[in-house]
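Comments concern the structure below.
In what follows, every heavy atom counts, from backbone to side chain, and hydrogens, waters and symmetry copies are set aside. Residue numbers start from 1 in every chain, and the chains themselves are labelled A, B, ... in the order their sequence lines are given, proteins ahead of strands.
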Amino acid sequence: MKVYNTLSGKKEEFVPIEEGKVSMYVCGPTVYNLIHIGNARPMIVFDTVRRYMEHKGYEVNYVSNFTDVDDKIIKKANEEGTDPSVISERYIGECKKDMEALHVKPATTHPKATCEIDGMIEMIETLIEKGHAYAAQDGTVYFKTRSFPGYGKLSHKNLDDLRSGGRSLLVSGEEQKQDPLDFVLWKPKKEGEPFWESPWCEGRPGWHIECSVMSRKYLGEEIDIHAGGEDLIFPHHENEIAQSEAANGKPFAKYWLHNGFLNIDNKKMSKSLGNFFTVRDISEKYDLQVLRFFMLSAHYRSPLNFSAELMEAAKNGLERIITCVSNLNFLLEKAGAQDLTDGEEKALVQAKDFVRKFDEAMDDDFNTADAVSAIFELVKFANTSVGEGASAAFIRALKDEIVELMDICGLTAERGQEMLDGEIESLIQERQDARKAKNFARADEIRDQLLEKGIILEDTREGVKWKRA
RNA sequence: GGCGCAGUAGCCAAGUGGUAAGGCAUGGGUCUGCAACACCCUGAUUCACCGGUUCAAAUCCGGUCUGCGCCUCCA
């Protein structure tokens with residue numbers, strides 16, 4: 001399995017620190033509002049990475065934090081006249097609902113920054129002791145960027161470029177910094193802000209230290225994978241590396257994975273442009289599984305454009321796969337013969353090629369676009385090779401393959417066993433009787449009646465099928 | 001200014017040296033009482049442009065144009 005490592009700028013063979021196990025940290029959202037579809041991309045793609053790893057037999061320890069102390073949370077709390085924790089708890093709850101609908105598995109641990117303050121203070125103390133950090137007059141603690149030789153290795157920047165190129169870095173008004181590139185580890189409280197006691201002042205942690213501490217606590221000093229959006233490469237992840245490696249004295253994460261941005265009409269999503277969508281917005285029109293499928297249709301490192309048309313296309317494509325599975329289930333019930341014929345055995349060997357293609361695509365830096373295309377090819381194969389007289393074993397084998405590949409992607413291809421109301425069932429029967437008697441007016445009337453209730457009927461050679469709209 | 005990414009059919013999107021996957025949409029067909037649904041078939045002599053390397057390039061090198069991101073605790 002190869003993964004693209006931002007650190008080296010190359011695809012590398014994935015070799016976990018401990019055989020058979022994967023430790024993975026994914027930077028989570030700041031919980032000040034409903035998550036937007038951009039937040040959903042890393043959740044979906046790295047959940048898919050996790051699922052694939054698990055499919056390969058790895059035991060994955062997956063940690064993703066909630067940043068629950070932040071200016072925006074405090075601002076919102078002040079606006080509502082409530083405590084910041086009320087805001088963060090509310091949106092953690094909402095975020096978890098969205099994740100569930102997106103089929104993002106809960107992390108092994110979802111740490112919250114506010115519960116890890118002691119660990120942060122401890123790491124900051126270590127950094128000061130080792131000469132990598134210093135406290136200013138007002139109690140602000142800064143990381144001394146120049147003290148860490150590897151600074152810039154992730155984002156491939158060098159300090160001198162940053163100095164000469166940086167715009168506001170030099171005029172940030174933070175003249176108490178020894179160097180403009182130094183960043184905050186601990187900052188003093190302002191009036192009305194939540195705060196914690198510390199050796200330097202009453203205050204709260206900087207953003208970057210949170211992840212270094214939570215990652216170490218739940219996964220250890222050295223981890224396999226650290227992931228997040230590409231915008232986090234600098235400064236967030238660069239700073240995490242500096243903090244963790246300076247404090248622990250050993251390499252931090254072996255592989256750094258970053259997803260590309262989600263754009264709207266090739267523009268960055270922003271509230272000011274009015275092209276801002278929350279996951280909840282999308283859920284009003286689509287099963288969120290469609291959003292997941294849409295995101296998996298491109299490679300995770302590419303920028304991905306979002307639009308209503310593309311969601312429609314994704315919906316139709318996903319529907320094709322789901323329909324195939326439901327057709328197979330339908331045929332399964334009707335299947336006469338149970339055992340595979342020789343021809344069917346050969347066909348199943350052929351079908352394995354698509355499964356192999358799927359695995360090869362995923363092994364190549366999680367190329368979900370290619371993996372999904374393998375599923376489509378398998379669907380086509382099933383559609384063309386399952387005819388009348390196909391054996392139950394054959395149909396089931398193909399169906400199981402499709403369902404399993406979809407499951408690795410976090411997609412549910414098999415509709416649950418939905419029970420028909422006795423009323424609906426009898427209406428369908430009545431319509432069948434009417435059709436037999438060529439009373440098509442009555443038949444159409446019943447069809448319309450059911451349609452109003454969201455039941456779509458399909459008359460096929462094998463009988464009447466129905467589905468919910 | 002510094003660093004980086006991208007430009008493949010109407011749209012989306014794989015492919016990174018060996019002669020263009022897959023999906024959506026369109027068109028044709030099958031099925032059907034009709035319809036809807038579904039299914040099958042259908043598409044780039046060509047990969048932004050110009051040069052170069054090579055037996056061979058969408059893929060490598062140089063240049064040009066275009067779009068985008070990061071350098072502001074925005075995933």
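- Among B:C41, B:C73, B:G22, the nucleotide with an atom closest to any side-chain atom of A:K380 is B:C41.
- Ion pairing between a basic and an acidic side chain is recognised when a charged N comes within 4.0 Å of a carboxylate O; A:K2 and A:D363 show no such pairing.
- The aromatic rings of A:F366 and A:Y52 sit perpendicular to each other, their planes meeting at more than 60°, with 30° as the lower class boundary.
- One interatomic measurement links the two molecules: NZ of A:K438 to P of B:U32, which rounds to 12 Å at whole-angstrom precision.
- A:E309 comes within contact range of no nucleotide atom at all, as no heavy-atom separation falls under 4.0 Å.
- Distance A:F183 CZ to B:C71 C1': 15 Å, rounded to the nearest Å.
- The side chain of A:N39 lies closest to B:A75, out of B:A75, B:G33, B:A21.
- Within 6.0 Å of atom NZ in A:K76, more than 12 heavy atoms from other residues, nucleotides or ligands are found, so the atom counts as buried in its surroundings.
- Nucleotide B:A38 holds its P atom 9 Å from the CD1 atom of A:I456, rounded to whole Å.
- Among the heavy atoms of the strands lying under 4.0 Å from A:N327 are primed sugar atoms or P, OP1, OP2 only; no base atom is included.
- For an aromatic pair to be called close, the ring centres must be under 6.0 Å apart, and A:F276 with A:H36 satisfies this.
- Regarding contacts with the backbone of B:C40, a side-chain N or O of A:R320 is found under 4.0 angstrom from either OP1 or OP2.
- Using a 4.0 Å heavy-atom criterion, one finds that A:R301 contacts no nucleic acid atom at all.
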Salt bridge (charged side-chain N to carboxylate O under 4.0 Å, His left out) between A:K399 and A:E414, intermediate numbers included: CA-CA 9 Å; A:K399 190 201 80 175; A:E414 204 158 17; 2.9 Å; yes
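- For the pair A:S302 and B:A14, the criterion of a side-chain N or O lying under 4.0 Å from OP1 or OP2 is met.
- Residue A:F376 is in sugar-phosphate contact alone, with no base atom involved, counting any heavy-atom pair closer than 4.0 Å across all strands shown.
- Relative ring orientation between A:F143 and A:F183 is described as parallel, the plane-to-plane angle staying below 30° on a 0-90° scale split at 30° and 60°.
- With distances taken from any side-chain atom of A:K72 to the nucleotides B:G33, B:G22, B:C74, the minimum falls on B:C74.
- No engagement by A:I375 is indicated, since no non-hydrogen atom pair under 4.0 Å with the nucleic acid exists.
- A:K315 and A:E319 are not joined by a salt bridge, as no carboxylate oxygen comes within less than 4.0 angstrom of a charged side-chain nitrogen.
- Counting non-hydrogen atoms under 4.0 angstrom, A:G317 reaches the backbone sugars and phosphates but no base.
- For A:L310, the listed nucleotide lying nearest its side chain is B:C12; candidates were B:G33, B:A75, B:C12.
- At a threshold of 4.0 angstrom between heavy atoms, the contacts of A:T384 are confined to the sugar-phosphate backbone, with no base atom among them.
- Residue whose closest nucleotide on RNA chain B sits further toward the 5' end, between A:S155 and A:I321: A:S155.
- Among the nucleotides B:C73, B:A75, B:A25, the one closest to the side chain of A:N316 is B:A25.
- Rounded to whole Å, the distance from CZ on A:F306 to C1' on B:C11 is 15 Å.
- Closest approach to the A:R431 side chain among B:C73, B:A14, B:G33 is made by B:G33 (side chain taken as heavy atoms from C-beta onward).
- Here, B:C68 and B:U26 have their P atoms 30 Å apart, quoted to the whole Å.
- Remark: the separation of the C1' atoms in B:U16 and B:C5 is 15 Å, to the nearest Å.
- Side-chain atoms of A:R447 and base atoms of B:A35 include a donor and an acceptor less than 3.5 Å apart.
- A:R292 pairs with exactly one of A:T412, A:D287, A:D47 by the side-chain hydrogen bond (donor to acceptor under 3.5 Å, both in side chains) rule, that one being A:D47.
- Side-chain N/O atoms of A:N367 include one lying less than 4.0 angstrom from OP1 or OP2 on B:G15.
- In this structure, the nucleotide among B:A75, B:A25, B:G33 sitting nearest to the side chain of A:M269 is B:A75.
- Rounded to the nearest Å, the gap between the C1' atom of B:U59 and that of B:G18 is 11 Å.
- Secondary-structure annotation of RNA chain B gives the stems B:1-7 with B:65-71, B:10-12 with B:22-24, B:27-30 with B:38-41, B:48-52 with B:60-64, with a stem taken as at least 3 successive Watson-Crick or G-U pairs whose two distances both fall under 3.5 Å.
- The separation of B:G23 from B:A14, taken at their P atoms, amounts to 15 Å, rounded to a whole angstrom.
- As rounded to whole Å, 17 Å separates atom C1' of B:A13 from atom CG of A:L318.
- Candidate nucleotides B:A14, B:C40, B:C70 were compared by shortest atom distance to the side chain of A:F234, and B:C70 ranks first.
- Per the geometry, CG belonging to A:D70 stands 9 Å off P belonging to B:A75, to the nearest Å.
- Between B:C50 and B:G7, the distance separating the two C1' atoms is 16 Å to the nearest Å.
- Using a cutoff of 4.0 Å between basic side-chain nitrogens and carboxylate oxygens, A:K436 and A:D433 are not scored as salt-bridged.
- Rounded to the nearest Å, the gap between the P atom of B:C34 and that of B:U42 is 27 Å.
- Nearest nucleotide to the A:E230 side chain, out of B:G69, B:C70, B:A75: B:G69.
- Here B:A14 presents its C1' atom at 11 Å from CG of A:D364, a figure rounded to the nearest Å.
- Within the structure, a side-chain polar atom (N or O) of A:N383 is placed less than 4.0 Å from OP1 or OP2 of B:C40.
- Remark: the A:K268 side chain and the B:C74 base include a donor-acceptor N/O pair separated by less than 3.5 Å.
- A donor and an acceptor atom sit less than 3.5 Å apart, one in the side chain of A:D459 and one in the base of B:A35.
- With A:N65 contributing its side chain and A:P111 its backbone, the two residues share no donor-acceptor pair below 3.5 Å.
- Rounded to whole Å, the separation between the P atoms of B:U53 and B:G62 comes to 15 Å.
- Across all strands, A:H299 comes closer than 4.0 Å only to sugar-phosphate atoms, never to a base (heavy-atom distances).
- Residue A:R442 is classed as having no contact, given no heavy-atom separation below 4.0 Å to the nucleic acid.
- Using modelled atom types, no side-chain atom of A:E202 and backbone atom of A:W196 make a donor-acceptor pair closer than 3.5 Å.
- Residue-level contact check: A:L262 touches the bases, meaning some heavy atom is under 4.0 Å from a base atom.
- We find that A:R356 and A:D353 are joined by a salt bridge, their nearest charged nitrogen and carboxylate oxygen being less than 4.0 Å apart.
- Sequence order on RNA chain B of the closest nucleotides to A:K11 and A:T323 puts A:K11 first from the 5' end.
- The distance from atom CZ of A:F358 to atom P of B:A14 is 16 Å, rounded to the nearest whole Å.
- Listed nucleotides: B:A13, B:C71, B:C11. Nearest to the side chain of A:P235: B:C71.
- Taking the C1' atom of each, B:A21 and B:C60 are spaced 23 Å apart, rounded to whole Å.
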